[in-house]
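All values below come from the heavy atoms of this structure, side chains included, with hydrogens, waters and symmetry mates left out.
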Amino acid sequence: MRRRSLLLAAVPAGLVTLSACGDNKSASSKTSASPTPSVSAPPPPKIVAGPLPAITAGTRFGEKPTVAKGAAAPSKDLAVKTVIAGSGRTVAENDFIKANYLGQIWDTAKVFDNSYDRKSPLVMQLAQGSIIDGWRYGLTGKKVGSRVQIAVPPTWGYGTSGNAQAGIKGTDTLVFVIDVIESYNSKSSVTGKAVAQSDAALPKVATNTDGAVPKVTVPKTDPPKKLVSTYVLEGDGDELKADQAVLCQFQGLVWDGGKTFQRTYGSGRLAQFSLEQMQQTVKGLAQGLVGKKVGSRVLIVVPPELGYGDTPPSGGPIQKGSTLVFTVDVLAAM
């Protein structure tokens, strides 16, 4: 079983969960945003330089750190230090980040969670309700490639209730070391290697990597009878597994007429969805992504029996028996 980070809120089920990211343009009327948590957020913290416990081993970016026990009392403010300064893109609030991290309790140095041992960086959104506020405030403005250390008082961590699952009391200040590997926003595209599109019977997909909508030209011929999944841009990341979720840009079109029924490109949002859940909605989309490499743009043509069949969504261009065309920029596995 894949272990879920203690830092994240649950992601609701559905065709896609579309998370606001980057600019504030409204999404298409065919998309649905994640629900806003009902709990009010605390006021923004004052950010101070310390105190912070020493990192005594694993001092390089990407290495699992060992962190000393906190000396004396922690600050009641949010302590943030850039231990290693990166040179990548500046992270903004509501961006997604890919990061390795270790978290421990100030008073005891007890490690309650880390991604280094799992050898699986966490992908998370720096948005209210999606991540503890200490991360949201502490990482905004940092650059990709940075190692950041933060000390999070309960107000911007788990509050007075703590987190019993992790052994965190409501009075505990938490210490994190975070290696920011990558960031993603609504203008992100993959940058894989272009693959020849030589089959005249398949749609042609643009290879632009500027975050704009890739143009799709659907041939005026009958669609293929079987599922098609092929690279447009081939990345060099790990292959997607059936039990993972994906963070992506995508668009969906109907083969007949080439009309778009849903997309994230240009909407100010990214999509995240579980491949297992997608099996229950558009089976062909999930099957077409399994085994494809992170960092790729994938063309997927879904026959009716692996799409909506005879029960299409109401009010849109998808009809009974429609063949669907998807392009998916696989930004990250989650």
Between K143 and G86, the two heavy atoms sitting closest are CD-O, 3.5 Å

- request: May I ask you to test the S75-P51 pair for a side-chain heavy-atom distance under 4.5 Å?
  value: yes

Salt bridge (charged side-chain N to carboxylate O under 4.0 Å, His left out) between D113 and R118, intermediate numbers included:
CA-CA 10 Å; D113 196 14; R118 294 193 290 271; 2.9 Å; yes

Practice problem: Flag yes if V111 and L174 sit in one hydrophobic cluster, no otherwise; membership is Ile, Leu, Val, Met, Phe, Trp, Tyr, and two members link when side-chain heavy atoms are under 4.5 Å apart. | Solution: no

Inset, instruction - Please check if V177 and V91 belong to a single hydrophobic cluster, counting links between Ile, Leu, Val, Met, Phe, Trp and Tyr side chain heavy atoms closer than 4.5 Å. - result: no

Residue pairs passing the side chain to side chain donor-acceptor pair (under 3.5 Å) test with at least one member in residues 313-334, sequence neighbours excluded, are Q251-T327, Y265-D329, R297-D329

Between V246 and M278, is there a side-chain heavy-atom distance shorter than 4.5 Å?
no

Honestly curious: do V152 and L122 fall in one hydrophobic cluster under the side-chain, below-4.5 Å linking rule? yes

Practice prompt. Report yes or no: do I132 and V67 belong to one cluster of Ile/Leu/Val/Met/Phe/Trp/Tyr joined by side chain heavy-atom distances under 4.5 Å?
Written response: no

To the nearest 0.5 Å, atom CG of L52 lies from atom NZ of K81 at 7.0 Å

Q.
With a 4.5 Å cut-off on side-chain heavy atoms, are V302 and W255 touching?
A. no

Are L331 and V190 close enough that some pair of their side-chain heavy atoms sits under 4.5 Å apart? yes

Look at the rings of Y101 and F176 and say which category their plane angle falls in: under 30° parallel, 30 to 60° tilted, over 60° perpendicular. tilted

Any side-chain heavy-atom pair of Q197 and V205 under 4.5 Å:
yes

Please output the side-chain donor-acceptor pairs of residues 224-231 that fall under 3.5 Å, not counting sequence neighbours, one pair per line with the distance.
| from | atom 1 | to | atom 2 | distance (Å) |
| --- | --- | --- | --- | --- |
| S229 | OG | G288 | O | 2.6 |
| S229 | OG | K292 | NZ | 3.2 |
| Y231 | OH | K293 | N | 3.0 |

Q249 vs R263 side-chain heavy atoms within contact, under 4.5 Å | no

Within-4.5 Å side-chain heavy-atom neighbours: I150 and W156
no

Shortest non-hydrogen pair, N100 vs P121, comes out as OD1-CA, 3.5 Å

So NZ of K98 and CE of M124: to nearest 0.5 Å the spacing works out to 11.5 Å

Rounded to the nearest 0.5 Å, the CD1 atom of I300 sits from the CG atom of L285 at a distance of 5.0 Å

Determine whether more than 12 heavy atoms belonging to other residues, nucleotides or ligands lie under 6.0 Å from atom CG of D236. no

| field | Side chain to side chain, F273 and T281, heavy atoms closer than 4.5 Å | value | no

Using modelled atom types and a 3.5 Å cut-off, is there a donor and acceptor pairing between side-chain atoms of D179 and backbone atoms of F61? no

